[in-house]
Enquirer: 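Below is the structure I would like to discuss, written out as structure tokens.
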Amino acid sequence: SDLTNLRHLDLQGPGVTDGLCETISNLEELRSLTLSSETITDTGMQRLASLRSLESLYLGEGAKLTDTSLGAISTMTRLRRLGLPSSNHLSDAGLDKLSNLAEMENLSVSSLKQATWRSFAFLHRMPHLTDLSLSYMPLGDHVLDYVAQLPRLKTLDLMELTAITDKGLQQLHSLPN
């Protein structure tokens with residue numbers, strides 16, 4: 001059937017492959033996409049980069065993404081919501097590519113093994129960010145320097161950031177909300 005007007009798509013499981021991403025890339029009206037599969041790689045993400053109308057992208061656990069994928073995601077400048085899966089291959093340099101996403105309102109990043117607090121310097125370039133989740137990473141108080149600069153932040157999840165101290169949390173008093 002003709003699905004060219006499809007707006008929301010949620011696909012999970014081993015059948016979700018890089019090849020399927022080629023088909024998805026033709027859905028020009030797509031606004032929301034959730035993909036959860038261990039067979040999604042940088043190749044699939046590069047194919048999806050043509051989805052210029054996409055506003056929400058959630059990549060579930062198992063996707064095999066590297067910094068190349070973040071480069072592809074950074075071209076989706078209409079994104080307002082982004083969820084990244086845990087990864088051993090996303091670095092500070094890759095995360096910095098997300099600074100192009102100035103319309104971002106909701107960002108969820110979890111279990112990035114190579115990420116450091118410096119990875120999140122780009123946050124100040126997301127003035128519309130209202131919801132931020134940084135969980136299960138070895139981040140300390142320094143990341144809160146960036147968080148404290150978010151003028152519209154309303155929801156903050158710092159689950160299992162065990163290096164955050166009471167002193168670091170005091171930096172959040174400057175948040176207007």
Side-chain angles (χ1 to χ4, degrees), residues 8-12 16 31-38 40 45 48 51 54-67 69-74 76-177:
H8 305 280
L9 182 60
D10 184 339
L11 295 170
Q12 300 180 28
V16 181
R31 300 292 186 267
S32 174
L33 178 61
T34 298
L35 296 176
S36 187
S37 173
E38 293 183 4
I40 297 291
M45 293 311 303
L48 295 174
L51 293 173
L54 202 63
E55 296 175 0
S56 177
L57 176 62
Y58 176 76
L59 301 167
E61 294 305 314
K64 306 216 177 350
L65 308 182
T66 70
D67 291 344
S69 290
L70 296 182
I73 291 168
S74 73
M76 301 174 183
T77 56
R78 292 193 62 195
L79 275 181
R80 297 185 185 293
R81 291 169 294 286
L82 176 62
L84 294 174
S86 61
S87 174
N88 293 328
H89 307 289
L90 298 179
S91 71
D92 291 354
L95 287 165
D96 189 59
K97 295 175 184 180
L98 299 180
S99 65
N100 290 350
L101 305 177
E103 300 301 315
M104 187 64 55
E105 296 172 359
N106 183 310
L107 178 64
S108 178
V109 182
S110 177
S111 300
L112 303 183
K113 304 301 183 227
Q114 290 187 29
T116 69
W117 61 271
R118 289 177 186 87
S119 297
F120 299 96
F122 69 87
L123 287 175
H124 77 278
R125 291 184 230 133
M126 295 181 169
H128 304 289
L129 203 61
T130 58
D131 297 276
L132 177 62
S133 176
L134 302 174
S135 56
Y136 299 99
M137 291 184 279
L139 303 175
D141 291 344
H142 293 296
V143 76
L144 297 179
D145 292 336
Y146 303 128
V147 172
Q149 296 175 36
L150 298 172
R152 297 185 180 177
L153 193 65
K154 298 201 181 299
T155 304
L156 178 61
D157 178 357
L158 300 174
M159 184 179 295
E160 295 297 323
L161 295 189
T162 56
I164 300 285
T165 67
D166 290 344
K167 182 179 179 184
L169 289 174
Q170 290 176 2
Q171 296 175 75
L172 301 179
H173 288 289
S174 65
L175 287 171
N177 297 310

Enquirer: Would a distance-only check, ignoring hydrogens and angles, find a side-chain to backbone donor-acceptor pair under 3.5 Å from D92 to R118?
Expert: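 Judged by distance alone, no pair lies under 3.5 Å.
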Enquirer: State the CZ-CG distance between R81 and L33, to the nearest 0.5 angstrom.
Expert: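 Reported to 0.5 Å precision, the distance equals 12.5 Å.
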Enquirer: Distance-only, no hydrogens or angles: does the S36 side chain make a donor-acceptor pair with backbone N or O of G60 under 3.5 Å?
Expert: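 No; zero donor-acceptor contacts below 3.5 Å.
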Enquirer: Side chains of Q149 and L123: does their closest heavy-atom pair fall under 4.5 Å?
Expert: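 Counting from C-beta outward, Q149 and L123 never come under 4.5 Å.
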Enquirer: Return the CZ to CZ distance between R78 and R31, rounded to the nearest 0.5 Å.
Expert: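 Between R78 CZ and R31 CZ, I get 5.5 Å after rounding to 0.5 Å.
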Enquirer: Could you tell me if T77 and E103 have a donor-acceptor pair between their side chains, going purely by distance under 3.5 Å?
Expert: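 E103 vs T77: no donor-acceptor pair found between side chains.
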Enquirer: Counting N and O atoms only, with roles assigned by atom type, does the side chain of Q171 sit under 3.5 Å from a partner on the main chain of K167, one being a donor and the other an acceptor?
Expert: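 No; judged by distance alone, with no hydrogens or angles, the pair does not exist.
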Enquirer: Compare all side-chain heavy atoms of L98 with those of L82 and state whether any distance is below 4.5 angstrom.
Expert: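 With C-beta onward as the side chain, the pair touches.
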Enquirer: Using a 4.5 Å cut-off on heavy atoms from C-beta on, say whether the side chain of L65 contacts that of P85.
Expert: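 Yes, side chains in contact.
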Enquirer: Among L84, L48, L54, find the residue that satisfies the side-chain contact (heavy atoms from CB on, under 4.5 Å) test when tested with I73.
Expert: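 With I73 as partner, side-chain contact (heavy atoms from CB on, under 4.5 Å) holds for just one option, L84.
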Enquirer: State, with a plain yes or no, whether a side-chain heavy atom of L161 is found less than 4.5 Å away from one of M137.
Expert: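 Contact flag for L161/M137 side chains = yes.
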Enquirer: Within a strict 4.5 Å, meaning less than it, do heavy atoms of the D157 and L134 side chains meet?
Expert: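 The answer is no, as the side chains (C-beta and beyond) never meet within the 4.5 Å cut-off.
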Enquirer: Measuring from L79:CG to S56:OG, what's the distance to the nearest 0.5 Å?
Expert: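 Nearest 0.5 Å value for the CG-OG distance: 7.5 Å.
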Enquirer: For residues S32 and H8, report the shortest heavy-atom separation together with the two atoms involved.
Expert: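 Of all heavy-atom pairs spanning S32 and H8, the closest is CB-ND1, 3.0 Å.
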Enquirer: Start with the C-alpha gap between D67 and L90, add the side-chain angles, then the distance that decides, and say whether side chain to side chain contact (heavy atoms under 4.5 Å, CB included) holds.
Expert: CA-CA 5 Å; D67 291 344; L90 298 179; 4.1 Å; yes
Enquirer: Please examine the side chains of M104 and L132, heavy atoms only from C-beta on, and report whether any two atoms are closer than 4.5 Å.
Expert: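 Not touching, per the 4.5 Å side-chain cut-off.
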Enquirer: State whether the number of non-hydrogen atoms from other residues, nucleotides or ligands found under 6.0 Å of E55 atom CD is greater than 12.
Expert: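 For E55, atom CD is crowded (more than 12 foreign heavy atoms under 6.0 Å).
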Enquirer: Which atom pair, heavy atoms only, marks the closest approach of W117 to Y146?
Expert: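 Heavy-atom minimum between the residues: O-CE1, 3.2 Å.
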Enquirer: Would you give the length of the straight line joining atom OG1 of T34 to atom CD of Q12, rounded to the nearest 0.5 angstrom?
Expert: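 Those atoms lie 7.5 Å apart.
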Enquirer: Side-chain donor-acceptor pair under 3.5 Å between T155 and D131, yes or no?
Expert: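 Checked: T155/D131 side chains pair up, N/O donor to acceptor below 3.5 Å.
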Enquirer: Donor-acceptor check, side chain of T130 to backbone of E105, threshold 3.5 angstrom: yes or no?
Expert: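 Yes, the answer is positive, given that a donor and an acceptor are paired below the 3.5 Å cut-off.
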